[in-house]
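Only heavy atoms go into these numbers, but all of them, side chains included; no hydrogens, no water, no symmetry mates. Labels below follow one simple rule: chain letters A, B, ... track the order of the sequence lines, proteins then strands, and each chain is numbered from 1.
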Amino acid sequence: MPHSKIQTSTRKIMQPNYQPASIEQQAQRHWEDRQAFRAAEQSDKPKYYCLSMFPYPSGKLHMGHVRNYTIGDVLSRYHRMKGFNVMQPMGWDAFGLPAENAALANNVPPAAWTYANIDYMRKQLKSLGLGIDWSREVTTCTPEYYRWEQWLFTRLFKKGIIYKKTASVNWDPIDQTVLANEQVIDGCGWRSGAPVEKRDIPMYFFRITQYADELLQGLDTLPGWPEQVKTMQANWIGKSHGCDIHFPYDMETVGSGGMLKVYTTRPDTLMGATYVAVAAEHPLAARAAAISEKSELRDFIAECKHGGTAEADMATMEKKGINTGMFVGHPVTGEKLPVWIANYVLMSYGEGAVMAVPAHDERDYEFAAKYDLPVKHVIASTELLDKWKKLEAQFGADGHELDREDLDLMGMIAYLGKVLMDMPAPSEALINLVQEFAGQLQLESPYTGQGTLVCSGKYGGMEFQEAFDAISADLQARGLGRKSGKFRLRDWGISRQRYWGCPIPIIHCFTCGDVPVPDEQLPVKLPENVVPDGAGSPLAKMQDFYMTPCPQCGKAAKRETDTMDTFVESSWYYARYASPDCTTGMVDERAKHWLPVDQYIGGIEHAILHLLYARFFHKLMRDEGLVQGDEPFKNLLTQGMVVAPTFYREDAHDRKQWFNPSEVDVKTDERGRPVGATLKADGLPVFIGSTEKMAKSKNNGVDPQAIIDEFGADTARLFMMFAAPPEQSLEWSDAGVEGAFRFLKRVWKAAHDHVEQGIVTAYRSGEPENVWPGTRLSAAAKALRLQLHQTIAKVDDDLGRRKTFNTAIAANMELLNALAKFDEQTPIARTVAQEVLEAIALMLNPIVPHLSHALWAELRPGSDVLDQPFPNADPSALAQDEIEIVIQVNGKLRGNLTVAKTADKATLEQLALAHPAVEKQLAGAVPKNIVVVPGRLVNIVV
RNA sequence: GCCCGGGUGGUGAAAUUGGUAGACACAACGGACUUAAAAUCCGUCGGCUUGAAAAGGCCGUACCGGUUCAAUUCCGGUCCCGGGCACCA
């Protein structure tokens, strides 16, 4: 709207000091009165669904939450200003293990503990001033939510997407209970201290592998996801191309006919296989143990039962094995290869058996070295082949011809040595070459790269792909194998022998088998007034819960007492927010309006599991006709971890007790490094552990409440956003909180000083000049407007495209510093000052919305900042005639030049050569080359 | 062990497409104001070095090497730190 005259007014006095407590209270009440963040489907604006990963209600917020939710709120508010119809919901990932741990420790039912935590944390979240539509709040432990999860389960069970099989879990033999990986510490149960064993139990599985290809290919349709996350997911799914190879049993030692199946991605190394290895759970291992007279095999298999199921433990375990005494035949040569049982072979991947090629595989090499198994080199690198050629040439020059036919690479050294001995006078060059070659062969580690096949019979001389094709074709022709592909991804086991989770809706009937609970009997409600005792699942002891008639035949049957993995709840909550009150289905039509999520924000620690499961669930729901589209999250921002040091003491049983950083005094050396820590309570030392993500289990979360109480939510938000860009991990420190507070005070004061003189209409190109004929902007005012509009353009880009909120804040700080130096008091200068202050209030609005609300009310009485769009940069203010360019000599900075923006290459070159600093550097020499980058620099190369 | 990130002043960081290394802050130090303190404002602030000063020079982005007129940025290798590894969420 053009304004015809410049208005000046004075009004009630603005509060001289920045008082966050009252400002924030007022702003939050105002938003609530206006229902400002209620999201409605009816809108002529484009929708923007901004979702932050919902918290687990662990008790209190920690800094990681503040970071996550502030980022989400900044993006929400920014998009609102950019004209979007924004929906930002919040809820609670409320089932989970910590509630059971709290129950054990405090004798409180998990439900009561959880609901109390939710109430407290909701209050904390509200005090941060987040623009959330609280009418959509979702809590996963309520029957209204999980009944639909049970409903979907029964559908998928009937479809065969969910099935039952046995799988290994960590078993605590003392507490007689299944342990989570986190509860296994150094191979022992966290409470009993007893060595953990693997135990096979029946579990329900989601057939996620059926969607493996789609989950992999879908990654290519997600340009708004970080490359890093897509790479991690692709590697996790782990599609590989390889070959199934069958090794025929040796009748004599195995005692029957048959084939040992292995899968390998390196069939080109088949000729280097010197043994095969099977997992301890492999049928052939059991058979060997059964027919063996000695107990060693049985003992070894039993030993492999010790320890937990975590992959990291398996992979770092010392490699151990035992010879079964059985043999299989090599599918090409027929040579007898020994069958070993090895603890590094995983039953869960491939066939549970591998062909071992020590010369070209790290783990096989280590194993072969330990048990003195033969190593056969069959792949030669390019460098090795080059050396061999040189050798041949040198031997030729010295008058000998080398016989390279079928030469075993390890045998070569002996052979070459012998030839050398036989020569009357070998040249020094030859001796050196042989030594070099020998050194290359006796590598400490195997050569695992691709190369040319050697010592491989008819395959000798072939490259990787050629050999791959030839060998698999030959095997197929003889019925001993064929090309094949595999995924590393395994089906998703969701049964948990725990209380505080969503009951699995299955009834076991002796007659009918596993019967899914019929729709009309859903939900299967979890009894809430229960305190687990740590020994097995409470549900399995509650007859009232598990005794039930079979829905099919009506006979007495038993309800399943396992609950679901909590990842199941978090796999579809994003869809439920669209229709949180729907009582007729998981979601309704509104899901089609809001999905996909436009921006998802959460910790990088969820890069694989949660995000993969949620993508999988979206496809399941799509196939049920519940949602549209193939992917749930269009754009993803993975926030870096907020990490903090951990502190602990060990009790008599080496169990650790963790202390919060707030309970500890840390001593540092003169360089600021921690050298020791003591507990405030008793002054005695505690150990300093590693620095890790803030988590309940290590008690290193830092509560933001103290900062909010002392400085206000805006300072907490500003500080968190200013500390680092969102994707970067951040070691927690509150140094700098006061700096953030100081900045807000400076903004307030600048506005106050201006308002005290009377507010005016903000400068708009050309207008004040028309109103006050003869007035013009001073050079300083023009420069300030240039900086203002450069800042607007930058902040817009930082908040929108780059999502680097720290630099957006820094640019505003620079602008405020520039405004503070601008002391012109002419009427036209005051319109520029007004323009700058209004722009700062708007640019900072997404980050410090309470302050922005209050400032706007002072700068533009009667109008609401919620209705303001994000400012636009004024092109006329950005126009510049002159720019600064850099002069380098040999790439080093030697001076600057201010030149016309239009200066061409020749002019720039001339001006640079005439620069005194350049003349001094050149000292009469003639430049070899001059590189001119217009608008940037001139580099003179001497 | 495997997969994915990160490493820049005393500290958090900036440098957006290979083009001025250290913006903006914190801390520290010096000064102004004050009876004093707090608050606020002004100034200094990577290392070494030449110079009385003005003003220069060299080195410097974990480490080693490479590509380039030019590397924090690209490539190869090493070390350290963080995340994930399927039952923490």
Against the side chain of A:Tyr56, the closest entry in B:rA89, B:rG83, B:rG1 is B:rA89
Which one, B:rA86, B:rC24, B:rA14, comes nearest to the side chain of A:Thr807? B:rA14
Toward the 5' end of RNA chain B, by each residue's nearest nucleotide, A:Lys821 or A:Arg742: A:Arg742
What nucleotide, of B:rG19, B:rG84, B:rA15, holds the atom closest to the side chain of A:Arg802? B:rA15
Taking the side chain of A:Phe722 as its heavy atoms from C-beta onward, which of B:rA21, B:rC24, B:rC69 lies nearest to it? B:rC24
Determine, for A:Phe205 and A:Lys165, whether the Lys NZ or Arg CZ falls below 6.0 Å from the six-membered ring centre while staying within 45 degrees of the axis. yes
So for A:Lys745 and B:rU40, does any side-chain atom that can act as donor or acceptor lie under 3.5 Å from a complementary atom in the base? no
B:rC41 phosphate, OP1 or OP2: any side-chain N/O from A:Lys749 under 4.0 angstrom? no
Reckon A:Gln497 touches a base, only the sugar-phosphate, or nothing at all at heavy-atom distances under 4.0 Å? base
Heavy atoms only, 4.0 Å cut-off, all strands: where does A:Leu489 land among base, sugar-phosphate and nothing? base
Winner on side-chain proximity to A:Asp93, out of B:rC69, B:rA89, B:rC87, is B:rA89
A:Lys920 side chain near B:rG57 phosphate (N/O to OP1/OP2, under 4.0 Å): no
Please confirm whether the shortest side-chain N or O distance from A:Arg894 to OP1 or OP2 of B:rU20 is below 4.0 Å. no
Can you check whether A:Ser729 has a side-chain N or O nearer than 4.0 Å to OP1 or OP2 of B:rG82? no
Go nucleotide by nucleotide along RNA chain B from the 5' end; which of A:Arg363 and A:Val933 gets its closest nucleotide reached first? A:Arg363
Which nucleotide in the set B:rA13, B:rC69, B:rC4 lies at the smallest distance from any side-chain heavy atom of A:Pro725? B:rA13
Would the base of B:rC3 count as contacting A:Asn235 through its side chain, where contact means a donor and an acceptor less than 3.5 Å apart? no
OP1, OP2 of B:rA86 versus side-chain N and O of A:Asn181: anything below 4.0 Å? yes
Check if the side chain of A:Arg936 and the base of B:rU20 share a donor-acceptor pair of N or O atoms closer than 3.5 Å. no
